**Q** 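Below you'll find the structure I mean.
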Amino acid sequence: MPELPEVETIVRGLRPAVLGRRIAAVEVRERRLRTPVPPDLERQLCSRRIVDMTRHGKHILVFLDDATVWLLHLGMTGRLTLRSRNGSGHPHDRLIVEIEGGGILAYNDIRRFGSVAVVAGATLEAALAPGVDALSAAFTGDHLWQSARARRTSVKILLMDQRVVAGVGNIYANEILFHAGVRPHRLARRLSRRACGRVVEATRSVLTAAIASGGSTISDYRDGFDRFGWYQEQHTVYARGGLPCRACGARIRVTTLAGRSTFWCPNCQR
DNA sequence: CGCACCCCCTGCCGGC
DNA sequence: TGCCGGCAGGGGGTGC
């Protein structure tokens, strides 16, 4: 589910609500996530004050007052929401964090593909995928071009490789390549610097527009306050196989690339 | 190295 | 109506 725009929306919403507050209690309801929840997570989080909350790629970073960082990755169906009070009726709650005077931060994850950990601030970079954040100034056409040069893979697979650029998943890779006018299976190393620049520009504009719409809700995604995103209404190709292209009317094509559904317009993308 | 294919897990939807 | 296969925003592992 959550790619960069969804994670950014969650962080923007929750950050002001938790900043400066202390974690009063921690309850792990399910330790079997993608990687098992560490046995000492409760101890690592409890009584810590939250000094900052940011995002890198698809990771949520919660900076704590003992120079550690609480890392969350939401996988496919993860949600991080703030509720006024604890309660039952939330079947897939995996982690409950009580914020002193600030409600309950609940990590809910139907499929348990997400992960939770606490790392020392000094080891943060090692804990994250090495790719530059898709919205950072470091993600340039030249960076993409240089990354593509040594590799023999398609531009879509490269764009989704978190070691190259962090934050782009399947929905937005499809959307970005439509806006850049580039076919997903084009060999990345055969793109010109100029074309790489167009892909990076499209990345910035698509992700920014998606954030402005609160992300895409396909089925499971909700923001930090349990609200839907609306960018799915602006999707041009994703999940539109067989439908007419919004720009030219040609039928949107569907194929599989690296096991992921891939959509493109045979006329608008070359 | 790249990639096709599998896994993890749960829910939903369409077809029969 | 009910069952079964296929598919889903992610990531990691294997073997060719």
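Fair warning: this is a prediction, and the values are worked out from it, not measured in the lab. So you know, we letter chains A, B, ... as the sequences are listed, proteins then strands, and number each from 1.
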**Q** Any side-chain heavy atom of Tyr107(A) sitting closer than 4.5 Å to one from Asp93(A)?
**A** no
**Q** If you draw the axis of the six-membered ring of Phe228(A), does the NZ or CZ of Arg222(A) fall within 45° of it and under 6.0 Å from the ring centre?
**A** yes
**Q** What nucleic acid atoms does Thr35(A) come within less than 4.0 Å of, heavy atoms only: base, sugar-phosphate, or nothing?
**A** nothing
**Q** So, is Tyr238(A) close to the dG9(C) phosphate, meaning a side-chain N or O under 4.0 Å from OP1 or OP2?
**A** yes
**Q** Let's test this: given Watson-Crick or G-U wobble pairing with both distances under 3.5 Å, identify the partner of dC9(B).
**A** none
**Q** Rounded to the Å, how far apart are His235(A) NE2 and dG9(C) P?
**A** 11 Å
**Q** Ignoring backbone atoms, test whether Lys58(A) places a side-chain nitrogen or oxygen under 4.0 Å from the OP1 or OP2 oxygen of dG9(C).
**A** no
**Q** What interatomic distance, in whole Å, is found between C1' of dC8(B) and the corresponding atom of dC3(C)?
**A** 24 Å
**Q** Under 4.0 Å between a side-chain N/O of His73(A) and OP1 or OP2 of dG10(C), yes or no?
**A** no
**Q** Between Glu6(A) (CD) and dG9(C) (C1'), how many Å, whole number?
**A** 7 Å
**Q** Could you tell me the separation between the OH atom of Tyr172(A) and the P atom of dG10(C), rounded to a whole number of Å?
**A** 10 Å
**Q** Grab the CG-C1' distance between Asn174(A) and dA8(C) for me, whole Å please.
**A** 13 Å
**Q** Give, for atom CG of Leu80(A) and atom CG of Leu105(A), the distance between the pair rounded to the nearest 0.5 Å.
**A** 4.5 Å
**Q** Could you check how far CD1 of Ile60(A) sits from C1' of dG10(C), rounded to whole Å?
**A** 14 Å
**Q** Regarding Thr81(A) and Asp226(A), is there a side-chain donor-to-acceptor distance under 3.5 Å anywhere?
**A** no
**Q** Using chain A heavy atoms and a threshold of under 4.0 Å, write down where along DNA chain B the contacts begin and end, 5' to 3'.
**A** dG2(B) to dG11(B)
**Q** Over how many whole Å does the gap from Ile157(A) atom CD1 to dG10(C) atom P extend?
**A** 13 Å
**Q** Would you indicate what Arg151(A) reaches in the nucleic acid, counting non-hydrogen atoms under 4.0 angstrom: base, sugar-phosphate, or nothing?
**A** sugar-phosphate
**Q** Within the structure shown, what part of the strands sits under 4.0 Å from Arg260(A) by heavy-atom distance: base, sugar-phosphate, or nothing?
**A** base
**Q** Return the value, rounded to whole Å, for the distance between atom CZ of Arg79(A) and atom P of dG10(C).
**A** 16 Å
**Q** Under the rule for side-chain contact (heavy atoms from CB on, under 4.5 Å), what residues qualify as partners of Val37(A), not counting sequence neighbours?
**A** Val28(A), Arg31(A), Leu33(A), Leu41(A)
**Q** By the definition ring-ring contact (aromatic ring centres under 6.0 Å, His included), identify the one residue from Tyr172(A), Phe263(A), Trp264(A) that meets it with Tyr238(A).
**A** Phe263(A)
**Q** In Watson-Crick or G-U wobble terms, both distances under 3.5 Å, what is the partner of dC16(B)?
**A** dG2(C)
**Q** Tell me what Tyr231(A) touches on the nucleic acid: a base, only sugar-phosphate, or nothing, going by heavy atoms under 4.0 Å.
**A** nothing
**Q** Do Gln234(A) and Ser216(A) have side chains that get closer than 4.5 Å, going by heavy atoms?
**A** no
**Q** Expressed in angstrom and rounded to an integer, what is the separation of Asp220(A) atom CG from dG10(C) atom P?
**A** 12 Å
**Q** Once you apply a heavy-atom cut-off of 4.0 Å, does Ile218(A) come out as touching a base, just sugar-phosphate, or nothing?
**A** base
**Q** Mind checking if Gly259(A) touches a base, just sugar-phosphate, or nothing, with heavy atoms under 4.0 Å?
**A** nothing
**Q** Have Glu3(A) and Tyr221(A) got a donor and an acceptor in their side chains that come within less than 3.5 Å?
**A** no
**Q** Determine which nucleotide pairs with dG9(C), using a 3.5 Å limit on both distances of a Watson-Crick or G-U wobble pair.
**A** none
